[in-house]
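None of the values given here were measured: they were computed from a predicted structure.
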Amino acid sequence: MLFVTLFAVLETEVMQQPKLSGPAASSGGDYDYPYVCGLSPAMKVVAKEELHEDENIRRQALAQFREWIEKHPHIRKCRTDPVFLLRFLRTKKFSVPAACEMLERYLTIRQLFPQWFKQLDINDPAINEIFENGYLVPLPQRDATGRQVLFSVAAKFDPYKFTSVQMARVHSLICEALLDDEDSQVAGYVYINDESGMNMGFVSLWSLTDLRSIVKCIQNSTPMRHKETHFVNIPHYANRIIELGVSMLSEKLKKRIIVHKNVEILKTKIDPAILPKEYGGTVPMADMIAEFKQKLLKRRAAILALDDMRIEVTKDVANFAGNDIGDLDAGVVGSFRKLEVD
């Protein structure tokens with residue numbers, strides 16, 4: 001489904017115990033523990049070349065970021081451990097002002113749209129059922145450049161049984177489970193969407209208002225490097241739905257969308273060995289689901305603890321996430337971007 005494009009395998013557990021900081025929290029000792037970089041040797045090279053990251057820059061940026069959080073007049077509680085802050089710094093290529101702005105927006109959307117971004121729990125019956133059905137699964141193997149691949153199967157989501165809110169919560173949960181992985185912070189994410197099972201129930205699943213809001217939230221507020229999005233097997237009646245969503249994306253993300261007629265053509269772009277067995281790989285989808293389910297259970301407490309973070313939402317800060325999205329309007333009505341299919 002389109003949502004995975006927008007949003008939307010902790011192989012190394014490097015995150016220290018999360019720290020909450022802010023005017024309402026004690027700051028003493030929050031940063032005393034040493035940070036041990038969790039990047040693989042190959043990703044350290046990529047981080048230097050693409051993000052300008054080295055030990056000195058990282059140390060200075062983290063110090064400036066923490067100082068900004070401590071002095072922010074509206075942030076009441078926020079994680080300040082290095083791996084959490086590096087989500088934003090790496091996404092913004094160590095521009096501290098841009099990372100600060102993204103964090104502010106990230107905290108704000110969590111409070112403005114709690115139905116999408118809070119109380120994310122794999123033990124929630126609906127979330128668990130959608131996940132175990134195989135709607136959205138992070139692949140256990142990375143692609144050739146080290147990027148985390150998320151695989152979505154529209155046929156595994158029942159739009160007559162589940163809502164857009166539940167769909168969004170599955171995406172949010174899986175993303176939060178991945179965001180502290182340092183190699184993924186650097187290499188970024190690839191999305192593969194098999195739309196062969198998309199039915200007419202998807203047409204009315206999202207209101208235009210909600211779709212516009214969540215697109216803006218994801219583009220401006222989610223600390224992920226979105227590198228490529230692949231669509232495959234799009235039914236003819238679904239083209240306009242997907243074109244509508246694409247019209248709301250930034251020009252940069254539009255250029256990273258690739259549409260394939262079938263799985264065989266997809267395999268010319270993605271190594272089939274990393275795909276589920278049902279798509280030409282070696283590991284059955286059920287095994288991938290079971291493996292990642294264990295990671296979700298392991299990360300459950302840490303993900304739920306994110307709800308302790310809090311920002312005082314002012315009118316000015318909230319405007320970006322509301323319905324005033326003038327830069328999207330021109331692309332929504334009557335000017336769909338024609339999808340190019342390889």
Side-chain angles (χ1 to χ4, degrees), residues 1 3-5 7-15 38 40 83 116-144 146-159 161-163 165-185 187-198 224 229-230 232-233 263 266-267 270-306:
M1 176 55 184
F3 185 76
V4 74
T5 316
F7 216 85
V9 228
L10 289 168
E11 295 168 343
T12 306
E13 287 291 334
V14 298
M15 188 186 75
S40 65
V83 174
W116 292 337
F117 302 115
K118 284 195 169 187
Q119 295 182 319
L120 305 174
D121 190 350
I122 187 57
N123 288 339
D124 177 291
I127 289 178
N128 184 63
E129 183 175 346
I130 294 168
F131 174 72
E132 290 197 338
N133 285 346
Y135 165 63
L136 180 63
V137 183
L139 303 186
Q141 288 184 267
R142 297 173 183 270
D143 72 1
R147 300 174 296 191
Q148 172 69 64
V149 180
L150 286 86
F151 199 94
S152 175
V153 183
K156 301 299 183 179
F157 185 90
D158 184 351
K161 181 176 182 180
F162 300 109
T163 66
V165 168
Q166 291 164 329
M167 174 186 279
R169 290 172 64 75
V170 171
H171 283 269
S172 297
L173 172 64
I174 290 175
C175 287
E176 287 293 357
L178 295 170
L179 287 178
D180 283 338
D181 181 87
E182 293 200 65
D183 278 2
S184 295
Q185 289 178 355
Y189 296 83
V190 172
Y191 310 89
I192 300 175
N193 308 278
D194 177 7
E195 308 291 11
S196 57
M198 182 183 288
M224 301 175 76
T229 297
H230 298 261
V232 62
N233 296 328
V263 173
L266 170 70
K267 292 177 183 177
I270 300 290
D271 181 2
I274 74 171
L275 298 176
K277 185 176 182 179
E278 294 82 349
Y279 290 82
T282 59
V283 181
M285 177 72 86
D287 291 353
M288 294 181 175
I289 293 170
E291 179 180 340
F292 197 76
K293 173 75 173 288
Q294 293 306 307
K295 297 180 185 295
L296 289 172
L297 291 170
K298 184 177 181 180
R299 294 281 298 153
R300 179 174 177 269
I303 292 170
L304 289 171
L306 294 170

Under 3.5 Å donor-acceptor, [X] side chain and [Y] backbone:
X	Y	result
Gln166	Thr163	yes
Glu278	Pro284	no
Ser172	Trp116	yes
Glu182	Gly38	yes
Gln185	Val83	yes

Nearest heavy-atom pair of [X] and [Y]: which atoms, and what distance?
X	Y	result
Lys156	Asn133	CD-O, 3.2 Å
Glu176	Arg299	O-NH2, 4.3 Å
Ala154	Glu195	CB-OE1, 3.4 Å
Lys267	Gly280	NZ-CA, 3.8 Å
Pro138	Gln148	CB-NE2, 3.6 Å
Arg147	Ala187	CG-O, 3.3 Å

Worksheet entry | Those residues that, when tested against Ser40, pass side-chain contact (heavy atoms from CB on, under 4.5 Å) (two or more places apart) | Ala42, Met43, Asp183
Fill in: Sequence-distant partners of Ala155, side-chain contact (heavy atoms from CB on, under 4.5 Å), two or more places apart
Val153
Is there side-chain contact between [X] and [Y], with heavy atoms separated by less than 4.5 Å?
X	Y	result
Pro276	Leu139	yes
Asp271	Asp143	no
Phe292	Leu178	yes
Arg142	Ser184	yes
Phe151	Leu136	no

Worksheet entry | Residues, nucleotides or ligands: over 12 heavy atoms within 6.0 Å of Lys118 NZ | yes
Item to complete: State whether the number of non-hydrogen atoms from other residues, nucleotides or ligands found under 6.0 Å of Gln119 atom CD is greater than 12.
Response: no
Fill in: Sole candidate of Asn128, Leu296, Ile130 that passes side chain to side chain contact (heavy atoms under 4.5 Å, CB included) when paired with Leu173
Leu296
Item to complete: On the 0 to 90° scale, with breaks at 30° and 60°, tag the Phe157-Tyr135 ring pair as parallel, tilted or perpendicular.
Response: tilted
Worksheet item: Going by an N to O cut-off under 4.0 Å, is there a salt bridge joining Lys295 and Asp181?
Response: no
Practice prompt. In plain terms, say whether Asp287 and Lys277 are close enough for a salt bridge, that is, a side-chain N and a carboxylate O under 4.0 Å apart.
Written response: no
Item to complete: Any chance you could measure Ile192, atom CD1, to Ile274, atom CD1, to the nearest 0.5 Å?
Response: 6.0 Å
Practice prompt. To the nearest 0.5 Å, tell me how far Met288 CE sits from Glu291 CD.
Written response: 8.5 Å
Item to complete: Take Val149 and Ile270, measure what side chain to side chain contact (heavy atoms under 4.5 Å, CB included) needs, and give me the verdict at the end.
Response: CA-CA 10 Å; Val149 180; Ile270 300 290; 5.7 Å; no
Item to complete: Walk me through it: do Asp121 and Ile127 pass the test side chain to side chain contact (heavy atoms under 4.5 Å, CB included)?
Response: CA-CA 7 Å; Asp121 190 350; Ile127 289 178; 5.6 Å; no
Worksheet item: Which is it for Phe131 and Ile174 under the side chain to side chain contact (heavy atoms under 4.5 Å, CB included) test, yes or no, and what are the steps along the way?
Response: CA-CA 9 Å; Phe131 174 72; Ile174 290 175; 3.8 Å; yes
Worksheet item: What's the verdict on side chain to side chain contact (heavy atoms under 4.5 Å, CB included) for Leu120 and Arg169, showing C-alpha distance, side-chain angles and the deciding distance?
Response: CA-CA 7 Å; Leu120 305 174; Arg169 290 172 64 75; 4.1 Å; yes
